[in-house]
Amino acid sequence: MSLTAPFRILALEVVILGLTVAFLLTERLMLSALWLGVGILAAVGASRWTAGEDGTPWALLATHRGWAVGGLVVLLLAVPLLLRSSPYWLFVLVLAGVHALMAVGLNVQVGSADMVNLGFAGFTAIGAYTSAILSRGLGLSPWLSLWIGGLAAAAVGVAVGLPAARTRGYSFSLVTIAFGIIVYLSLINLPAVGGPSGLGSIPPFSIGGTSLRSALSVADLHLPPQAGSYYLVLGLLALAVTSALRLHRSVPGLVWNALREDEIATKVLGVDVVRAKLWAMGLGTFFGGIAGAFYAHTVGFIAPDNFTFLHSVMLVSMVILGGADNVAGVLLGAVVLTIIPEKFRAFQDYRLLLYGVVLVVMLHLRPQGLLPRVVRTYASVPRRPEGARRPEPVAADTVAVR
Amino acid sequence: MLDGLSPLQPTPLLSAEDLTIRFGGLTAVDGVSLRLEGGELVAIIGPNGSGKTTLFNILNGIYRPHAGRILLKGEDVTGLPADQIARRGVGRTFQISRLFLDLSVLDNVLLGRVGTNRLAWLAPLLRPKQAAEELADHAARAYALLEEWAPDLAARCYRPARELTLVERRRLEICRALASDPDLLLLDEPSAGMDARETRELMEEIRRLRVRRPEIGIALIEHDMSVVRGLADRVVVLNYGRKIAEGTFDEVAASREVREAYLGT
C-alpha cells in the first residue's frame, strides 16, 4: 500500500496533466470535446482510485505530500516543453495562472468568509495601474512595483471594507459592485491613466537585462517567449497558495469560516467581526493586486476593458465552480473557466451565458463546488473511529484539576 | 480549594441597574436591576414576551440599553459591543442554538477558545510554525474540554455540527461557551425541546459544572419549573419587561403577582 501510494498519486497527476495538454493541443473542436469527456472520466476514475476511506484522495495526498507536491512541480515545469509548438496555449495557461492568483485571493472573501465580492476586478485594476504607472512613469523596477501594486490594492480593499464590512449578504455584494463600476468609469474618464485606450508600453519583468517576454533557450531547448511569464506566474501562485493554505489552517481561516456560518454567534464569542472582515478584504485584494500587476507587466498593455464587471463575475464563478474555501478547488475552477471558453471560442458570444449557467447549475446540483471543502483535522487531536466511546465515563463528582 | 462558603465579595460579578430598552413604542425591558455573585445561579423566569431574552441581549452587548448601567466586576461596560463584553468574561448560549453548523464539532469548541484571544492575523504568514503549534495546542485543549463535558461528542469531534440532534447541539453550545473560560454564563432556555430524561441529564450537567467551576456565575432563562426549583439559588420574575418578584423559588412561587402573571387572574 505505502509502496504504491506515491505511484498512484504520480499516475493521477500525469493523467490529469497529460489529458489537459492533449486537450490544448487538439485543433478540431469535436476532438477537443471528446478529450474533455475522456478527461473528466479519467479524473473521476483516478480520484476514485486514490480515494481513502472518506471517498476523497485528500488523506492520501496529505500523507504523501512530498510526492504529490514534488510530482506536480516537475510536471508543471515541463509543460512549456510540451507546448513548444503552440505558444498561444502557453499564453492561455499564463492567463489561467493570473486568474488562479486572483481567485485564490477572492476565495479568502467569497469562500472563507462568505463575503461575495462582485467588484474584485476593480481591485485587480488598482494593482495593475499602480504597478504600471510606477514602472512606466517613475522607472521603478517591475519586481518592486508588483508588490506596491498589491499593497495599493490591499489599502483600497481595506478602505472599501470600512463601510462595506458593516453590511453583509446582498448589501455587501452591492457595495462591491458599485466599487467595481466606480473604478471602471474612473479609469475611462481619467486621461492621466490613458482613458478608454488604456496604458501601453509597460516595461516587462527582466532578469539581468533579459526580458521575460523574450524567448528562453536553455542549452539546446528553445522555449517560446511565454515560458518566462509561465514560470513567474507559477512562482507567484506557489507563494499565494502557500499563504492561503497557512491562513486557512490557522486561527484567521477558522474565524472567517465562523463569520460565514453565523456572524452574531462569532461576535458573541469575542471576535471583532469588522476587523475580521477588513483583514479578509486586505489580504484577499493583496493577491488580486499582485495578479493585476503581473498581468500588466506580462502583456505590456492594460485598458479599463480588462477590468469589467464581467471579469468580477467570472472570478466569482471560478471560486464557486471549483469549490469555495478549498484552495485546490479554486485553482481548478480558474484553470477550467479560462481554458474552456478559450477552446470553444466559436461560441464566445455566449461566454456570459456560460458563467450564468455554471453558477446556477453548480448552486443547484453541487453547491460545494467540484472539490468540496475539507474538515480541518489537527495532529494534536487524533481521528477516532466513528462512535468509539470512552470505556469509562467521567464520574459526576470528580473535580477536574486545571 | 473549596473552603466552605465564600464571603460576599465587595464588588459583585454582575451588577445591572435600572436597565431599560424600547423598541418603537414598546418598552421591552423596563428598569430591571440584577445582581449576581460568582458561584451563584440565578434563574430568570416569566411568561413569553416578558423580556428575558432581551435582558440577556442587553447584558452581553447585542443591544445597547436606553437607560441603566451594567457593571462587570466593578467595571462599567454599558454600551460596549458584544465582542468586548465576551472578552471581559461573559459567555452565552441561545434559545435556538447558533452553532457553526457546517464546521466540525471540534472547530465549534475551538472557536469558543480562540475567539476571546488576541487574534494575530499575520502570524500564519510571518511565523507559520508557531501559529500552527498554537492552533494545535488550542485544538488539544478544546478536545479535552469536549471529553470532560461531552465524551459522546468528543468521539464525533470531526463530524459537522449539523449532524447533531437538537439536544446535542444545545450541549455543544454550552461547551463552546465554556471554552472561553467565562466568569459569567448566560444560558437561554437550555432545556427547551428536551424530554424529561434529557432535562434531568442537563440539570445534572449544570450541577457538575457548578462543582467543577465553583467561581462561575450563571444566569439561566427557564420555563421548566422543575429545573428552576432544582438549580436556582435565586429566582427573578419578569413580566411585561418589569421585574415583579425576586427571591428563593418558594418565595417567588408564593407571590400573588407571579401567579397572576402566569395564570391570568
Side-chain angles (χ1 to χ4, degrees), chain A residues 54 242-255 257-276 278-280 282-283 325 368 373 375-390 392-402, chain B residues 2 60-62 81-87 91-92 94 98-104 106-108 110-112 114-117 119-125 128 131-132 134-140 142-143 147-148 151-152 154-160 176-177 180 204 207-208 211-213:
Chain A
D54 57 345
T242 313
S243 310
L245 285 177
R246 281 183 178 158
L247 284 169
H248 179 78
R249 290 189 192 136
S250 48
V251 178
L254 197 57
V255 167
N257 284 173
L259 271 186
R260 176 184 71 206
E261 302 288 317
D262 190 326
E263 194 172 316
I264 289 181
T266 311
K267 202 173 164 73
V268 166
L269 291 182
V271 175
D272 183 340
V273 297
V274 169
R275 180 172 296 186
L278 288 182
W279 277 105
L283 288 167
D325 208 22
Q368 66 273 45
R373 54 173 174 259
V375 175
R376 287 182 180 76
T377 53
Y378 305 92
S380 54
V381 180
R383 195 179 264 276
R384 284 197 289 162
E386 196 68 10
R389 286 253 178 175
R390 287 170 63 78
E392 198 76 16
V394 189
D397 52 357
T398 339
V399 175
V401 184
R402 283 176 56 91
Chain B
L2 291 171
N60 86 325
I62 292 180
D83 51 306
Q84 295 280 348
I85 291 195
R87 279 158 188 271
R92 83 167 278 186
F94 293 87
R98 301 192 80 129
L99 289 172
F100 307 118
L101 291 178
D102 284 335
L103 298 187
S104 69
L106 181 63
D107 279 352
N108 270 277
L110 186 50
L111 275 160
V114 300
T116 44
N117 283 23
L119 298 181
W121 290 91
L122 286 177
L125 302 181
E134 262 174 38
L135 187 64
D137 182 55
H138 279 307
Y143 182 74
E147 277 198 311
E148 183 185 358
D152 55 326
R156 283 181 284 162
C157 69
Y158 284 134
R159 306 301 306 173
R176 184 177 71 179
S180 67
E204 218 33 69
R207 286 202 187 98
R208 198 152 56 96
V211 171
R212 293 193 191 176
R213 307 267 201 281

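Note that these values count all heavy atoms, side chains included, but never hydrogens, waters or copies made by symmetry. Note on naming: letters A, B, ... go to the chains in the order of the sequence lines (proteins, then strands), and numbering restarts at 1 for each one.
Contacts between Ile85(B) and chain A at a heavy-atom distance below 4.5 Å are absent for every atom of the residue. When heavy atoms are compared at a cutoff of 4.5 Å, Leu119(B) approaches chain A solely by way of its side chain, counted from C-beta outward. The contact between Asp102(B) and chain A is made by backbone and side chain atoms together, counting heavy-atom distances below 4.5 Å. Residue contact with chain A, scored on non-hydrogen atoms closer than 4.5 Å, is absent for Ala132(B). Using a 4.5 Å cut-off between heavy atoms, Ser180(B) does not touch chain A at all.
Comparing Gly253(A), Ala258(A), Ser250(A) by how many heavy-atom pairs each has under 4.5 Å with chain B, the most go to Ala258(A). Counting heavy-atom pairs under 4.5 Å between each of Ala123(B), Ala120(B), Pro124(B), Ala86(B) and chain A puts Pro124(B) at the top. Annotation: maximal heavy-atom pairing with chain B below 4.5 Å, among Val251(A), Leu254(A), Val375(A), Thr242(A), occurs at Leu254(A). Heavy-atom pairs under 4.5 Å with chain A peak, among Ser104(B), Cys157(B), Ala136(B), at Ala136(B). Counting heavy-atom pairs under 4.5 Å between each of Asn60(B), Leu101(B), Asp107(B), Val114(B) and chain A puts Asp107(B) at the top.
Taking each heavy atom of Ala154(B) and Tyr143(B) in turn, the nearest pair found is O-CE1, 3.5 Å.
Side-chain atoms of Asn257(A) and Arg376(A) include a donor-acceptor pair closer than 3.5 Å.
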Exercise. Begin with the C-alpha distance, continue with both residues' side-chain angles, and end with the deciding distance and a verdict on salt bridge (Lys or Arg N to Asp or Glu O under 4.0 Å) for Asp272(A) and Lys267(A).
Key: CA-CA 6 Å; Asp272(A) 183 340; Lys267(A) 202 173 164 73; 5.8 Å; no
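A cation-pi arrangement is not found for Arg156(B) relative to Tyr158(B), the charged atom failing to lie both closer than 6.0 Å to the ring centre and inside a 45° cone about the ring normal. Taking the centre and axis of the six-membered ring of Phe100(B), the NZ or CZ atom of Arg176(B) falls inside the cone set by 45° and 6.0 Å.
The pair Arg212(B)-Glu148(B) meets the salt-bridge criterion, since a charged nitrogen lies less than 4.0 angstrom from a carboxylate oxygen.
Residue-environment remark: CZ (Arg207(B)) exceeds the threshold of 12 foreign heavy atoms within 6.0 Å.
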